[in-house]
Amino acid sequence: MALSNDEILEAIAAMTVQQAADLVKAMEEKFGVTAAVAVAAAGPAAGGAAAEEQTEFTVTLESFGDKKIDVIKAVRAITGLGLGEAKALVEGAPAVLKENVSKADADKMIADIAAAGGTASKK
């Protein structure tokens with residue numbers, strides 16, 4: 001009697017992680033294949049799609065250059081921090097300014113920091 005795909009999937013779902021790993025090893029040996037090849041081949045395609053779909057960025061102040069006061073003012077405008085907190089953030093560069101911002105907002109923040117004499121990046 002042959003098992004249906006659903007029955008096989010239910011049986012695998014009921015296994016512990018160790019039992020599933022042992023099953024994979026047994027299948028590799030019986031059929032002369034390696035599961036790692038299939039995973040490695042799918043990895044770059046999945047990673048490439050995720051990189052293209054990035055919609056939220058983290059803006060990081062890299063350095064303040066020669067115009068520390070102007071950069072502090074720009075950081076205050078971007079973050080809403082008080083003078084002391086903004087000064088500490090600038091002096092602690094590299095430091096995260098904002099997280100989870102849109103590409104347009106991140107580009108504007110980077111431009112504002114550059115106009116003030118500092119450097120920033122987005123990731």
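Side chain of Glu7 to backbone of Leu9: no donor-acceptor contact under 3.5 angstrom is found.
Val90 and Ile69 are assigned to two separate hydrophobic clusters, defined by single-linkage of ILVMFWY side chains at heavy-atom distances under 4.5 Å. In the hydrophobic cluster analysis, where Ile, Leu, Val, Met, Phe, Trp and Tyr join through side-chain heavy atoms closer than 4.5 angstrom, Leu3 is grouped together with Ile12. Cluster annotation: Ile113 is connected to Leu83 through the hydrophobic network of ILVMFWY side chains, with a link wherever side-chain heavy atoms come within less than 4.5 Å.
Taken to the nearest 0.5 Å, the CD1 atom of Ile110 stands 9.0 Å off from the CZ atom of Phe57. Taken from CD in Gln54 to NZ in Lys122, the straight-line distance is 8.5 Å, to the nearest 0.5 Å.
The shortest heavy-atom contact between Gly117 and Val71 is C-CG2, 4.0 Å. The shortest heavy-atom contact between Val96 and Thr58 is CG1-CG2, 3.6 Å. Closest approach of Ala116 to Lys67, counting heavy atoms only: O-CB, 3.4 Å. Across every non-hydrogen atom of Val59 and Ala120, the tightest pair is CG1-CB, 4.4 Å. Listed here is the closest heavy atom pair of Leu61 and Ala93: O-CB, 3.9 Å.
With respect to Leu23, the side-chain contact (heavy atoms from CB on, under 4.5 Å) criterion is satisfied by exactly one of Met15, Glu28, Gln18: Met15.
Between the side chains of Thr119 and Ser63, at least one donor N or O lies within less than 3.5 Å of an accepting N or O. No hydrogens or angles considered: a donor-acceptor pair under 3.5 Å links the side chains of Glu62 and Ser121.
The salt bridge (charged side-chain N to carboxylate O under 4.0 Å, His left out) check on Lys103 picks up Asp107, with sequence neighbours excluded. Residues satisfying the side chain to side chain contact (heavy atoms under 4.5 Å, CB included) criterion with Lys108, sequence neighbours excluded, are Asp112. Glu85 pairs by the side chain to side chain donor-acceptor pair (under 3.5 Å) definition with nothing, not counting sequence neighbours.
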Side chain to side chain contact (heavy atoms under 4.5 Å, CB included) between Thr60 and Leu97: does it pass, once the steps are laid out?
-> CA-CA 5 Å; Thr60 304; Leu97 294 178; over 6 Å; no
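Residues Glu91 and Lys87 are paired through a salt bridge, judged by an N-O separation under 4.0 Å between the basic side chain and the carboxylate.
Heavy atoms of other residues, nucleotides or ligands lying less than 6.0 angstrom from CG of Asn100 number more than 12.
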